[in-house]
Student: 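If you scroll down you'll find the structure; I have some questions about it.
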Amino acid sequence: MAEHDLHDYSRALVTDIQALADAEGGSIPNTFTQHVLEILEEAGVVTDAALAYHSSRGLEIYGYGLPEDGSSLDLYTTDFNLTPLSSKLTKAESDKLFRRLFAFLGKHGAIRPNQEDNTDVHDMCVGVEKALSNVPKIRLFLLSNRVSTTSAPGPEEFAGIPVTHELWDLARLHRHETSGSIGEPIKVTFERPLPCLAAHSDEPNYSVVLAVIPGRQLAELYKEHRTRLLELNVRSFLQTRGGVNKGIRETLLKDPSRFLAYNNGVTATASDVDFETDEHGSPVAIRSMTGLQIVNGGQTTASLHHVLTHDKRDLDGVHVQMKLTIVDPAYLSEIVPRISQYSNTQNKVTLVDFSSNHEFHVAFERVSRSLWALATDGSGQETRWFYERARGQYTDKSAEHETRAAQRKFKLITPTRQRFSKSDLATFVHSWEQLPYWVSRGAQKNFAHFMERIEKSDPVVDVQYCKRAIATALLFQAADRIARTHSAGSHKRLITTYTVARLSLAAEKRIDLDRIWNEQRTTDALREALDELCPLIMEKMISAYRHVSEWAKKPDCWDEVSRIPWTLPDALAAELSAVPFEIASPESTESDEAEAAVEDIPSEEWQALADWAREGRALRSVDRQLADRVAQRLSQGRRVIGAQARQAMEVYEEALRHGFHPVPVGLDHETG
């Protein structure tokens, strides 16, 4: 790690925390604690964290976490320094801070009576008391903006409950935020080294060993890390609904000693492995491994966990074969999908699955999961859309909430109707982008074309991109319901994509996607337009002389549908935006250039362009209106940014091609 990188990160972190504390009127240590907990929540390290500061003799605590699934009790303490690089966090200091945090476990009962009801500390004491009656483990977190000279203390116990320690110092935070990984690498240490057999390899970027791992240990790894263990998997656990999973569970329950013979085992990767070696230097046992990921065998792993926790079987005598590939991290994205593709024999893995870890989908998942959607049922309960980057993620996430009440809450906040996959996203966006013949070719081919377009356009996956993409989902779903009312039958999906595409064409993509997102529904005028358009699409496409499914795959079909005589109803036309709604944002450099070019043209010139276009009707009305708005914004000292700036410059260049001559600033039309 470069010293200057860490120094810059440290300085920026202190500045950000001071600014946040000033803006929110909070203490600097509390603000730092909240900031780090948000980072850890996004990474899936902690959940349901809350601040609650209390300090007394021999005790200090900054907050606590009670995950809904009851998997742990988390307690947090903080070490914050305004000059963090002037000293390091020593072992003596970190041990002291962990001891003061640990002390809360024994003293919370005495603290509670002295706290007013409904205060943060009172609620923390009540929550901790309840959790201690059935929680399986306790995690103590020390959050620091200094570099630690030591690792966290080893495990201990409180009232028979295992207690572990997590130290997140400046170096670890910096590593986490700059690595681009979804979470901190998983490290596993074997108390009894795991015997292994190494295969010879001349390949410098990877090597392979074979081992047999105890089933209980694999189940406990999943219990501790959950889906973080499967981040590089081409799909997530599909529960026990498929035949293979039922078979895995049945074997574990009825013939556990034969599990090794019946099961295909797991394929795993790691970025570093510490071996015991023989006298020739050949690996014979695994002491520990870093960056462990199950890339094939997620179902086996999660089924072991299910039988251990839900069926209450101890898994003694159950062993699982493991092929472990030690991969240079730089080659993970190249090698892992191929390992998954060639080794998978359990459930069919599709082309869509193999794009799960593409940076576009990782970014879309991260951003979309941070969005809250307006409540539409009058309950006031905001909801989230769930982008299923890897197959089965929704089911797996729901299963993490072990009580029925917790699962009901998860589905209330993340309803099934708001779950969508990568192939769904391709369908929604391509329908809006007027590519219905690609959608009609099936999920795999449509998705492949979607990824080709992603590679070429390299969109910026930001909040706007995700909101507008989800708005196209709402539009598609509305059209799909209308196609059902018109008895589209087995052709419903084809009719729906063509209806959305024809509407997008007629509206020149000016349907207000931002409004659809904000209201989480389509307008009455939009639904009425779809209802009017859908029968016309059906009449054109469904013919006794054609195989509809094959015809819909051809660009010629879209050419015919695009020429169906139909104009937008007045009610919908009145709702249209002045500029088209593009989902993807081009690279920021292109936006920056357009913004600068717009500002270089005086507001008077933009107004002259609008007047010229209005008199000669050389441009579309939408372009004339855009020039008017740009002139108004610039005259008020306001900026024109993003897509609007790019569109404005296209209008300006189009006007020049049609004979517009800019009037020099300071001259009126007569003197000009």
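Values reported hereafter were calculated over all heavy atoms of this structure, with side chains retained and with hydrogens, waters and symmetry mates removed.
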Student: Could you check whether any side-chain N or O of Ser282 sits under 3.5 Å from a backbone N or O of Asp278, counting only pairs where one atom can act as donor and the other as acceptor?
Tutor: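 Not at all, since once roles are kept as given, no pair shorter than 3.5 Å links the two residues.
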Student: Mind checking whether Ser440 and Thr497 have side chains closer than 4.5 Å, heavy atoms only?
Tutor: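 Result yes, sub-4.5 Å side-chain heavy-atom pair found.
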Student: In the structure I gave you, are the side-chain heavy atoms of Phe275 and Arg287 within less than 4.5 Å of one another anywhere?
Tutor: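 With C-beta onward as the side chain, the pair stays apart.
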Student: Could you tell me if the side chain of Tyr262 sits less than 4.5 Å from the side chain of Glu250, heavy atoms only?
Tutor: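 A side-chain contact under 4.5 Å is absent here.
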Student: Counting only N and O atoms by type, is there a donor-acceptor contact under 3.5 Å from the side chain of Arg484 to the main-chain atoms of Lys492?
Tutor: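 A pair under 3.5 Å: no.
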Student: Mind checking whether Phe104 and Phe158 have ring centres under 6.0 Å apart?
Tutor: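 No.
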Student: Closest approach of Phe98 and Glu166, non-hydrogen atoms and distance?
Tutor: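 Shortest heavy-atom separation between Phe98 and Glu166 comes out as CZ-O, 3.6 Å.
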Student: According to the interplanar angle, ranging from 0 to 90°, do the rings of Phe428 and Phe420 count as parallel (below 30°), tilted (30 to 60°) or perpendicular (above 60°)?
Tutor: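 If you compare the ring of Phe428 with that of Phe420, the planes turn out tilted.
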Student: Rounded to the nearest 0.5 Å, what separates atom CD in Glu156 from atom CZ in Phe102?
Tutor: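 Result: 4.5 Å between the selected atoms.
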Student: If you define the side chain from C-beta out and look only at heavy atoms, does anything of Leu132 sit under 4.5 Å from Ile138?
Tutor: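 Counting from C-beta outward, Leu132 and Ile138 do come under 4.5 Å.
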Student: Taking all non-hydrogen atoms of both residues into account, name the closest pair between Leu315 and Leu308 and its distance.
Tutor: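 Heavy atoms of Leu315 and Leu308 come nearest at CD1-CB, 3.9 Å.
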Student: Residues two or more places apart in sequence or in another chain: which of them pass side-chain contact (heavy atoms from CB on, under 4.5 Å) with Arg453?
Tutor: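 side-chain contact (heavy atoms from CB on, under 4.5 Å) check on Arg453 returns His430, Glu433, Leu435, His449.
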Student: Looking at NZ of Lys254 and CZ of Arg249, how far apart are the two atoms once the value is rounded to the nearest 0.5 Å?
Tutor: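 Taking NZ in Lys254 and CZ in Arg249, the distance rounds to 9.5 Å.
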Student: Please report the closest heavy-atom contact between Leu101 and Leu75, naming both atoms and the distance.
Tutor: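 It is CD2-O, 3.6 Å.
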Student: Between Glu382 and Leu371 (side chain of the first, backbone of the second, donor and acceptor by atom type, cut-off under 3.5 Å), is there such a pair?
Tutor: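 Side chain of Glu382 to backbone of Leu371: no pair is present.
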Student: Do Leu142 and His165 make a side-chain contact, defined as non-hydrogen atoms from C-beta onward lying under 4.5 Å apart?
Tutor: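 No, their side chains stay 4.5 Å or more apart.
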Student: Between Arg216 and Asp316, is there a side-chain N and carboxylate O pair less than 4.0 Å apart?
Tutor: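 No, Arg216 and Asp316 are not salt-bridged.
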Student: Would you sort out whether Asp311 and His306 count as a side chain to side chain contact (heavy atoms under 4.5 Å, CB included), showing the intermediate values?
Tutor: CA-CA 7 Å; Asp311 296 317; His306 183 89; 3.8 Å; yes
Student: Rounded to the nearest 0.5 Å, how far does OG1 of Thr496 lie from CD of Gln477?
Tutor: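 Those atoms lie 11.0 Å apart.
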Student: Roughly how far, to the nearest 0.5 Å, is NZ of Lys553 from CG of Leu494?
Tutor: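 Answer for the CG-NZ pair, Leu494 versus Lys553, is 9.0 Å.
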Student: Which heavy atom of Ser71 sits nearest to which heavy atom of Pro136, and what is that distance?
Tutor: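 Here Ser71 and Pro136 meet closest at O-CG, 3.2 Å.
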Student: When rounded to the nearest 0.5 angstrom, what is the spacing between CZ in Phe476 and CH2 in Trp432?
Tutor: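 Rounded to the nearest 0.5 Å, the CZ-CH2 separation comes out at 14.0 Å.
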Student: Do the rings of Phe450 and His361 sit parallel, tilted or perpendicular, given the 30° and 60° boundaries?
Tutor: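 Tilted.
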Student: With the side chain counted from C-beta on, respond yes when Leu324 and Val273 share a heavy-atom pair under 4.5 Å apart, and no when they do not.
Tutor: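 Touching, per the 4.5 Å side-chain cut-off.
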Student: Please work out which of the three classes, parallel, tilted or perpendicular, describes the rings of Phe360 and Phe364, given edges at 30° and 60°.
Tutor: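 Phe364 vs Phe360 ring planes: tilted.
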Student: Would you indicate whether Lys223, at its atom NZ, is surrounded by more than 12 heavy atoms from other residues, nucleotides or ligands within a distance under 6.0 Å?
Tutor: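 Incorrect, the count does not exceed 12.
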Student: Among Val295, Leu304, Leu218, find the one that has a side chain to side chain contact (heavy atoms under 4.5 Å, CB included) with Val266.
Tutor: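 The residue from Val295, Leu304, Leu218 that satisfies side chain to side chain contact (heavy atoms under 4.5 Å, CB included) with Val266 turns out to be Leu218.
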Student: Determine, step by step, whether Ile213 and Phe190 satisfy the side chain to side chain contact (heavy atoms under 4.5 Å, CB included) criterion, reporting the C-alpha distance in whole Å, the side-chain angles of both residues, the deciding distance to 0.1 Å, and the verdict.
Tutor: CA-CA 10 Å; Ile213 185 171; Phe190 297 98; 4.2 Å; yes
Student: Using the side chain to side chain contact (heavy atoms under 4.5 Å, CB included) rule, take Leu37 and Leu143 through it: C-alpha gap first, then chi angles, then the decisive distance, then the call.
Tutor: CA-CA 9 Å; Leu37 290 177; Leu143 317 175; 4.2 Å; yes
Student: Write down the atom of Pro214, the atom of His319, and the distance for their closest heavy-atom approach.
Tutor: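 Heavy-atom minimum between the residues: CA-CD2, 4.1 Å.
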Student: Would you say Arg419's side chain and Glu388's backbone share a donor-acceptor pair under 3.5 angstrom?
Tutor: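 No.
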Student: Report yes or no: do Ser421 and Asp424 form a side-chain donor-acceptor pair below 3.5 Å?
Tutor: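 Yes - a donor-acceptor pair under 3.5 Å links their side chains.
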Student: So, do Leu105 and Leu73 sit near enough that their side-chain heavy atoms are less than 4.5 Å apart?
Tutor: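 They are in side-chain contact.
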Student: At their closest point, which heavy atom of Val318 faces which heavy atom of Pro256, and how far apart are they?
Tutor: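 Closest pair (atom of Val318, atom of Pro256, distance): CG2-CB, 3.6 Å.
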Student: Between Glu224 and Arg139, is there a salt bridge with N-O shorter than 4.0 Å?
Tutor: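 A salt bridge is absent here (no side-chain N lies under 4.0 Å from a carboxylate O).
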Student: Are any non-hydrogen side-chain atoms of Ile413 and Trp372 less than 4.5 angstrom apart?
Tutor: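 Yes, their side chains come closer than 4.5 Å.
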Student: Check the pair Arg313, Leu253 against side chain to side chain contact (heavy atoms under 4.5 Å, CB included), reporting the backbone distance first and the verdict last.
Tutor: CA-CA 8 Å; Arg313 298 297 178 90; Leu253 294 176; 3.7 Å; yes
Student: State, without any angle test, whether Ser271 and Thr290 hold a side-chain donor-acceptor pair at a distance under 3.5 Å.
Tutor: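 There is no such pair (donor and acceptor under 3.5 Å, judged by atom type) between the side chains of Ser271 and Thr290.
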Student: Between Thr414 and Lys411 (side chain of the first, backbone of the second, donor and acceptor by atom type, cut-off under 3.5 Å), is there such a pair?
Tutor: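 Judged by distance alone, no pair lies under 3.5 Å.
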Student: Name the residue from Phe141, Tyr64, Trp168 that meets the ring-ring contact (aromatic ring centres under 6.0 Å, His included) definition with Tyr76.
Tutor: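 Result for ring-ring contact (aromatic ring centres under 6.0 Å, His included) with Tyr76: Phe141.
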Student: To the nearest 0.5 Å, what is the distance between CG (Leu194) and CD (Glu276)?
Tutor: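 Rounded to the nearest 0.5 Å, the CG-CD separation comes to 10.5 Å.
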Student: Tell me, yes or no, whether the heavy-atom count around Tyr206 atom OH, taken from other residues, nucleotides or ligands under 6.0 Å, exceeds 12.
Tutor: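 Not buried by this count: 12 neighbours or fewer within 6.0 Å.
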